[in-house]
Amino acid sequence: MTPKERAEKSADAMWSSDQASHWLGMSIVSVDEGQAVLSLTVEKHHCNGLGICHGGITFSLADSCFAFACNSRNQATVAHNNMITYTAAARVGDTLTATAREVSLTGRSGIYDVRVENQNGQTVAEMRGLSRSIKGQLFEE
């Protein structure tokens with residue numbers, strides 16, 4: 001199995017039971033070893049009292065993207081710490097795309113950067129995620 005095939009099979013296994021990402025309206029664009037791209041179109045119910053996309057929605061998109069990237073090797077992996085910085089507001093109708101890339105993987109610990117952009121390529125947020133692998137796999141190999 002190639003690394004990309006493993007990443008895709010890992011993503012399929014996670015996606016099949018990921019109720020939160022489904023419920024929020026996310027979709028997987030692509031996955032590869034240590035990488036993932038997810039998207040979400042901002043709808044009215046994603047917006048806060050100021051009429052802009054709630055930061056928790058943007059964070060959820062970045063966090064889910066991070067999860068698919070750090071689980072791409074079929075090793076169960078969880079978030080250890082995440083930090084996000086918001087750089088622009090997203091609004092109803094915007095399509096947000098999160099792109100996660102692995103910066104470092106040493107032993108059980110990983111570092112991932114996730115950029116969230118709107119449909120115009122404007123950066124909406126940057127997140128750094130720290131991962132920690134745990135016991136178990138996503139599928140039998």
Side-chain angles (χ1 to χ4, degrees), residues 1-139 141:
M1 181 177 310
T2 68
K4 182 163 181 60
E5 290 169 338
R6 182 172 289 105
E8 290 171 344
K9 193 164 181 176
S10 296
D12 288 344
M14 283 180 57
W15 189 251
S16 67
S17 60
D18 184 346
Q19 298 303 307
S21 297
H22 284 269
W23 182 73
L24 288 168
M26 296 178 202
S27 59
I28 298 173
V29 176
S30 66
V31 292
D32 205 335
E33 186 176 78
Q35 304 173 45
V37 180
L38 272 67
S39 69
L40 170 134
T41 298
V42 179
E43 298 182 32
K44 188 176 178 181
H45 65 271
H46 292 132
C47 293
N48 62 22
L50 298 175
I52 59 176
C53 184
H54 192 289
I57 299 299
T58 304
F59 179 87
S60 293
L61 176 62
D63 185 51
S64 288
C65 191
F66 161 62
F68 283 95
C70 68
N71 279 278
S72 64
R73 291 181 175 84
N74 192 29
Q75 173 62 53
T77 305
V78 296
H80 178 66
N81 186 11
N82 291 329
M83 185 190 84
I84 193 164
T85 301
Y86 302 97
T87 57
R91 304 191 185 285
V92 171
D94 284 349
T95 299
L96 301 181
T97 301
T99 304
R101 69 173 185 82
E102 188 175 85
V103 175
S104 172
L105 182 62
T106 306
R108 295 176 50 208
S109 299
I111 301 172
Y112 295 79
D113 283 340
V114 184
R115 173 172 285 160
V116 180
E117 296 179 325
N118 67 16
Q119 68 280 0
N120 300 318
Q122 180 183 25
T123 301
V124 171
E126 294 271 358
M127 186 186 93
R128 166 135 306 176
L130 307 181
S131 69
R132 186 77 172 162
S133 64
I134 59 175
K135 291 181 183 177
Q137 293 183 308
L138 303 169
F139 62 91
E141 194 168 7

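Along the sequence shown, residues are numbered consecutively beginning with 1.
Looking at Cys65 and Met26, their side chains never come closer than 4.5 Å, going by heavy atoms from C-beta outward. Residues Val42 and Cys47 form a side-chain contact, since some pair of their non-hydrogen atoms from C-beta on lies under 4.5 Å apart. Counting heavy atoms from C-beta outward, Arg128 and Ile111 have side chains that approach closer than 4.5 Å. For the pair His80/Ser131, no side-chain contact is recorded, criterion being any heavy-atom separation below 4.5 Å from C-beta on.
The two residues Asn71 and Leu138 come nearest to each other via the heavy atoms O-CD1, 3.4 Å. Looking at every heavy atom in both residues, Leu96 comes nearest to Ala90 through CD2-CB, 3.8 Å. Listed here is the closest heavy atom pair of Cys70 and Thr77: O-OG1, 3.3 Å. Contact record, Tyr86 with Gly55: OH-O, 2.9 Å, taken as the closest heavy-atom pair. Gly34 and Tyr112 get closest at one heavy-atom pair: O-CE2, 4.0 Å. Between Lys135 and Ala76, the shortest heavy-atom distance links the atoms O-CB, 3.8 Å.
Of the charged side-chain nitrogens involved, at least one lies within less than 4.0 Å of a carboxylate oxygen, so that Lys4 and Glu8 count as a salt-bridged pair.
Side-chain atoms of Asn118 come within 3.5 Å of backbone N or O of Asn120 as a donor-acceptor pair. Using a distance-only test at 3.5 Å, with no hydrogens or angles considered, no donor-acceptor pair links the side chain of Gln35 to the main chain of Asp32. Put simply, the side chain of Asp63 never gets that close to the backbone of Phe59: no donor and acceptor are under 3.5 Å apart. Counting only distance, with no hydrogens or angles, the side chain of Arg108 and the backbone of Ser133 share a donor-acceptor pair below 3.5 Å. Side chain of Gln75 to backbone of Ile134: a donor-acceptor contact under 3.5 angstrom is found. In this structure a side-chain-to-backbone donor-acceptor pair under 3.5 Å is missing from Thr123 to Glu117.
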Problem set entry | Check against side chain to side chain donor-acceptor pair (under 3.5 Å), Ser39 and Ser27 | CA-CA 5 Å; Ser39 69; Ser27 59; 3.1 Å; yes
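Side-chain atoms of Ser64 and Ser21 include a donor-acceptor pair closer than 3.5 Å.
Distance check, rounded to the nearest 0.5 Å: CZ of Phe68 to CD1 of Ile28 gives 4.0 Å. Taking NZ of Lys9 as the reference point, atom CG of Asn74 lies at 8.5 Å (rounded to 0.5 Å). Taken to the nearest 0.5 Å, the CE atom of Met127 stands 4.0 Å off from the CG atom of Asn82.
Judged as a salt bridge (Lys or Arg N to Asp or Glu O under 4.0 Å), the pairs with a partner in residues 95-104 (not counting sequence neighbours) are, in order, Arg73-Glu102, Arg101-Asp113.
Just one residue in the list Gln122, His46, Gln119 forms a side-chain hydrogen bond (donor to acceptor under 3.5 Å, both in side chains) with Asp94, and that residue is Gln119.
Relative orientation of the His22 and Trp15 rings is tilted, given thresholds of 30° and 60° on the angle between their planes.
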